[in-house]
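When a ligand or atom number is given, it counts from 1 through the structure's own listing order. Below, each value reflects all heavy atoms present in this structure, side chains not excepted, and no hydrogens, waters or symmetry copies.
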Amino acid sequence: MIEYTSLLQNYNLYKEEYEEAALRALRSGWYILGPELESFEEQFASYLGAKHCIGVNSGTDALILAVRALGIGPGDEVIVPAGTYIASVLGVTENGAEPVYADSDPETLLIDADKIEGAITDKTKAILPVHLYGQACDMTKIMDIAKRHGLYVIEDCAQCHGSKWNGKLTGTEGTVSCFSFYPTKPLGALGDAGALVTDDDELADKLRMLRNYGSRVKYVNESIGRNSRLDEVQAAVLKVGLKHLFETNGIRIRIAEKYLQGIHNDKVKLTLTDPNATHVYHLFPVIVDDQKKFQDYLLENGVKTQVHYPIPPYVAECYKNHGHKWEDFPNAAYIAQHEVSLPIYSGMKDEDVQEVIRVVNGY
Ligand SMILES: *Cc1c(COP(=O)(O)O)cnc(C)c1O
């Protein structure tokens with residue numbers, strides 16, 4: 001059986017380094033807001049060429065705090081992709097603001113930048129592009145729209161560590177960028193973790209306050225904050241992952257190249273990578289004629305797959321009061337019902353890659 005992913009194989013690539021880092025943090029006697037986090041924040045900011053990195057508990061928390069720090073709340077609207085993971089939208093609704101959806105592009109599966117302007121109203125405060133599957137959205141168009149309408153840009157970078165748009169690392173163009181270090185992500189911790197990245201001094205200061213109970217000075221609470229911090233053990237482990245990020249991204253990019261060259265089947269459509277984007281293939285999505293039939297066939301032939309994502313947020317049970325129907329965003333609906341992700345992870349054996357290609361071509 002070819003597994004959909006294997007975190008253990010990924011871990012084993014750098015086992016000694018991970019264990020040495022974790023042990024160093026464990027033995028330090030300092031577990032929250034200490035030197036490991038400080039140096040990881042410095043390293044991640046400098047990797048991106050950004051001024052500030054603020055470590056938090058998760059990517060979801062990063063999104064919630066980004067929206068809050070920008071003062072976006074009840075009565076405000078944020079434009080989000082119709083096709084994305086729910087967490088992209090939770091940051092908006094958690095602050096009482098309204099998500100306004102823009103449909104997906106059927107070729108790249110990302111937000112269709114040409115659908116954004118039509119969704120802007122006088123309540124719109126921000127655009128929240130999601131660089132899904134490891135590919136950057138069209139940041140040229142998105143930044144241009146944001147500038148012309150005076151909107152913030154909150155980048156959801158949970159799946160795109162190390163990917164680029166026009167040679168620039170994703171997460172460096174918007175007002176603030178939200179990263180997840182969930183274990184499966186291109187840069188993954190060995191538990192939950194996330195971070196915000198920004199060049200804005202004032203915003204960074206506010207985010208540091210919000211992640212720590214809303215206080216700058218101990219026991220002086222000026223804002224209603226949260227407890228959302230990236231712990232020392234995860235920060236130590238993340239420094240190891242960051243050191244090898246180029247390499248692990250490269251492993252997946254080479255697997256993707258083999259899929260792109262080897263898969264030839266009229267019933268299996270490969271997705272488009274924009275020529276301006278450097279894709280890091282967090283996932284390898286394909287579009288198939290019949291999602292269930294394809295998944296069952298692959299499973300019968302020893303290949304596990306997943307769907308990202310079968311129920312788009314705009315029709316999620318929790319948002320049924322928003323009153324959206326599947327057909328409101330036909331491209332996102334089509335993707336949800338026809339997308340299947342093939343196995344792709346660092347540590348995947350070449351013979352398994354070849355077997356996936358053989359099975360997919362035999363479908
Ligand atoms: C994983 C993910 C998140 C949430 O990150 P967590 O660290 O799991 O909270 C947000 N947005 C997208 C697109 C994701 O894939």
Side-chain angles (χ1 to χ4, degrees), residues 4-5 7 10 40 44 53-68 78-95 99 101-102 104-105 108-111 126-137 139 142 153-163 170-171 174 176-197 207 211 226-231 234-235 237-238 241 249 252 279-285 306-314 316 318-319 332 335-336 339 341 344-345:
Y4 171 70
T5 190
L7 288 174
N10 183 60
F40 171 69
F44 196 56
C53 168
I54 301 101
V56 293
N57 248 329
S58 68
T60 306
D61 270 7
L63 288 154
I64 292 171
L65 294 181
V67 172
R68 185 168 306 176
V78 177
I79 296 173
V80 295
T84 184
Y85 183 55
I86 189 92
S88 314
V89 184
L90 287 175
V92 177
T93 54
E94 190 72 23
N95 286 289
Y101 298 96
S104 309
D105 178 303
T108 62
L109 317 187
L110 304 173
I111 190 169
I127 307 170
L128 198 156
V130 183
H131 309 299
L132 214 53
Y133 308 112
Q135 182 178 189
C137 303
M139 289 307 285
I142 292 170
V153 175
I154 303 166
E155 294 183 67
D156 182 339
C157 296
Q159 304 191 356
C160 68
H161 320 64
S163 81
T170 43
V176 58
S177 300
C178 303
F179 287 86
S180 165
F181 305 122
Y182 181 79
T184 61
K185 305 291 163 96
L187 176 55
L190 303 174
D192 272 318
L196 295 118
V197 169
L207 288 165
R211 76 166 171 190
R226 288 172 75 94
N227 167 9
S228 184
R229 299 169 305 216
L230 199 172
D231 72 72
Q234 299 308 336
V237 157
L238 281 166
N249 277 346
R252 288 192 318 281
H279 202 318
V280 295
Y281 295 98
H282 166 53
L283 304 174
F284 193 91
Q306 285 189 8
V307 172
H308 297 93
Y309 296 90
I311 306 172
Y314 72 92
C318 62
Y319 294 140
I335 293 163
E339 189 274 353
S341 300
I344 189 164
Y345 55 92

### Message
With respect to Thr84, determine whether any N or O atom, backbone or side chain, lies less than 3.5 Å from an N or O atom of ligand 1.
### Response
no
### Task
Could you verify whether a donor N or O on one side chain and an acceptor N or O on the other, from His308 and Ser341, lie under 3.5 Å apart?
yes
### Query
If you draw a 6.0 Å radius around OH in Tyr345, do more than 12 non-hydrogen atoms from other residues or ligands fall strictly inside?
yes
### Message
Evaluate Lys185 for polar contact with ligand 1, using N/O atom pairs at a separation under 3.5 Å.
### Response
yes
### Summary
Per side-chain hydrogen bond (donor to acceptor under 3.5 Å, both in side chains), Asp61 is matched among Arg211, Arg226, Arg229 by Arg226
### Query
For Asp61, is at least one N or O under 3.5 Å away from an N or O on ligand 1?
no
## Note on the structure
The protein heavy atom nearest to atom 9 (O) of ligand 1 is Thr60 OG1, 2.5 Å
#### Entry: Phe181/Phe40 aromatic ring centres below 6.0 Å
yes
### Task
Flag Tyr182 as yes when one of its N or O atoms lies below 3.5 Å from any N or O atom of ligand 1, and as no otherwise.
no
### Query
Which part of Asp156 is near ligand 1, with near meaning a heavy atom under 4.0 Å away: side chain, backbone, both or neither?
side chain
### Summary
Counting from 1 in the order shown, the ligand 1 atoms closer than 4.0 Å to a non-hydrogen atom of Ala87 are 3 (C), 4 (C), 10 (C)
### Query
Once the angle between the rings of His161 and Phe179 is folded into 0 to 90°, is it parallel (under 30°), tilted (30 to 60°) or perpendicular (over 60°)?
tilted
### Message
Considering non-hydrogen atoms of the protein only, which is the closest contact for atom 12 (C) of ligand 1, and what is the distance?
### Response
Ala158 CB, 3.3 Å
### More than 12 heavy atoms of other groups within 6.0 Å of Ile311 CD1
no
### Query
Counting from 1, what ligand 1 atoms have a heavy atom of Gly59 closer than 4.0 Å?
5 (O), 6 (P), 7 (O), 9 (O)
### Task
Record the part of Ser58 in heavy-atom contact with ligand 1 below 4.0 Å; permitted values are side chain, backbone, both and neither.
both
### Query
Hey, what do you get for CG (Leu230) to CD1 (Ile54), rounding to the nearest 0.5 Å?
11.5 Å
#### Entry: Val130 side chain reached by Ile111 side chain, heavy atoms, under 4.5 Å
no
### Protein contact of atom 15 (O) of ligand 1 - nearest heavy atom, named by residue and atom, plus distance
Gln159 NE2, 2.8 Å
### Query
When you look for heavy atoms under 4.0 Å from ligand 1, do you find them on the side chain of Val130, its backbone, both, or neither?
side chain
